[in-house]
Amino acid sequence: MLSFDIRSLEDQAATVNGALSADDPIWIDGDLRPETEVRATGRLSIAGPGRYYWSGAIEGTTTVPCRRCLTDTTVKVAENVHVLYAEAGDEIDDPEVYVVAPKARTLDLRPAVREQWILAVPRFPVCREDCKGLCPTCGAELNAGACSCPPVVDARWAELRTARGTQN
């Protein structure tokens, strides 16, 4: 459950233990969605009049292309989150503060979970540390073996090669 009754927070903090599914309508086109769901845990409490604080963690897995060879790579995402909510009208200039409608009865964590997930997913993962990538000439995957292209020699380094006495 990622929606909380604000009035219940007046008595005691709430335990956050819920999931945002990959097919939830909160996701929009272009988002890096999780494989199945994003687990959200932590504690939601009052942080002053009209203010609420969620401290916890999100975790899940997603599939993104390797930055070197473009092979689909499953990545585990785990991130600590600290989110502040404040009622509208508090002259909030901080874009990291989530606005709560005045006199709202519930606090929905789903938008914050979505945003924190998008920020936490690594943009340039590698399938493995020794990934050789793709040949810049023919596009062959070099992890499967060498391609038949001749080695690319950068003319800008010719003087250095001459000074060292090497050909390649």
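Positions are given from 1 along the sequence.
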Check: With side chains defined as the heavy atoms from C-beta onward, is the minimum distance between L107 and Y85 less than 4.5 Å?
Finding: yes
Next item on the list: Show your reasoning for whether side chain to side chain contact (heavy atoms under 4.5 Å, CB included) applies to I58 and V38.
Entry: CA-CA 6 Å; I58 58 170; V38 177; 3.9 Å; yes
Check: Is there a side chain to side chain contact (heavy atoms under 4.5 Å, CB included) between L32 and V64 once you walk through the steps?
Finding: CA-CA 8 Å; L32 289 171; V64 292; 4.1 Å; yes
Next item on the list: Find out whether P65 and T73 are in side-chain contact, i.e. whether some heavy atom of one side chain is under 4.5 Å from a heavy atom of the other.
Entry: no
Notebook entry, point to check: According to the ring-ring contact (aromatic ring centres under 6.0 Å, His included) rule, which pairs have a member within residues 49-70, sequence neighbours left out?
Noted result: none
Checklist line | Residue pairs fulfilling ring-ring contact (aromatic ring centres under 6.0 Å, His included) with at least one residue in residues 118-162, sequence neighbours excluded | finding: none
Checklist line | I28 and R114: CA distance, side-chain angles, deciding distance, side chain to side chain contact (heavy atoms under 4.5 Å, CB included) verdict | finding: CA-CA 10 Å; I28 60 174; R114 176 191 163 267; 3.3 Å; yes
Checklist line | Heavy-atom pair of closest approach, residues A104 and I6 | finding: O-CD1, 3.5 Å
Check: Which residues pass the salt bridge (charged side-chain N to carboxylate O under 4.0 Å, His left out) test with D23, sequence neighbours left out?
Finding: none
Check: Which pairs pass salt bridge (charged side-chain N to carboxylate O under 4.0 Å, His left out) with one or both residues in residues 68-78, sequence neighbours excluded?
Finding: none
Checklist line | Sub-4.5 Å side-chain heavy-atom contact between V77 and P122 | finding: yes
Next item on the list: Rounded to the nearest 0.5 Å, what's the gap from CG on L109 to CD on Q116? Could you check?
Entry: 11.0 Å
Note to self: To the nearest 0.5 Å, what is the distance between CD on E96 and NE2 on H82?
What the structure shows: 12.0 Å
Margin query: The criterion is side chain to side chain donor-acceptor pair (under 3.5 Å); which residues satisfy it with T71, sequence neighbours excluded?
Written below: none
Next item on the list: Return the minimal non-hydrogen interatomic distance between C131 and N143, and the atom names on each side.
Entry: SG-ND2, 3.3 Å
Check: Between C147 and L142, is a side chain to side chain contact (heavy atoms under 4.5 Å, CB included) present by the stated rule, with each step listed?
Finding: CA-CA 7 Å; C147 65; L142 299 176; 4.2 Å; yes
Notebook entry, point to check: For the side chain of W117 and the backbone of L20, is there at least one donor-acceptor N/O pair under 3.5 Å apart?
Noted result: no
Checklist line | ILVMFWY clustering at 4.5 Å (side-chain atoms), partners of L70 | finding: L134
Check: Can you pull the salt bridge (charged side-chain N to carboxylate O under 4.0 Å, His left out) pairs that have at least one residue in residues 145-157, sequence neighbours excluded?
Finding: D154-R156
Margin query: Is there a side-chain contact between E10 and I46 in this structure, where contact means two heavy atoms from C-beta onward sitting under 4.5 Å apart?
Written below: yes
Margin query: Quick check: closest heavy atoms across N80 and A57, and the distance to 0.1 Å?
Written below: OD1-CB, 3.9 Å
Notebook entry, point to check: What are the two closest non-hydrogen atoms of C66 and C69, and how far apart are they?
Noted result: SG-N, 3.6 Å
Next item on the list: Name all residues meeting the salt bridge (charged side-chain N to carboxylate O under 4.0 Å, His left out) criterion together with R7; count only those two or more places apart in sequence or in a different chain, and write none if there are none.
Entry: D5
Next item on the list: Applying side chain to side chain contact (heavy atoms under 4.5 Å, CB included), name anything that partners T137, two or more places apart in sequence or on another chain.
Entry: C135, C149, V152
Next item on the list: Any chance you could measure R33, atom CZ, to I118, atom CD1, to the nearest 0.5 Å?
Entry: 9.5 Å
Next item on the list: Kindly write out the residues that satisfy salt bridge (charged side-chain N to carboxylate O under 4.0 Å, His left out) with E37, not counting sequence neighbours, or none if the list is empty.
Entry: R39
Item checked: Other residues, nucleotides, ligands: >12 heavy atoms within 6.0 Å of R105 CZ -> no
Notebook entry, point to check: Who are the salt bridge (charged side-chain N to carboxylate O under 4.0 Å, His left out) partners of R110, not counting sequence neighbours?
Noted result: D24, D108
Note to self: Applying salt bridge (charged side-chain N to carboxylate O under 4.0 Å, His left out) as the test, list every pair that has at least one member in residues 126-146; sequence neighbours left out.
What the structure shows: R128-D130
Next item on the list: State, to 0.1 Å, how close P34 and W27 come at their nearest heavy-atom pair, and which atoms those are.
Entry: CD-CZ2, 3.5 Å
Checklist line | Atom pair CD (E115) and CG (D31), whose distance is rounded to the nearest 0.5 Å | finding: 10.5 Å
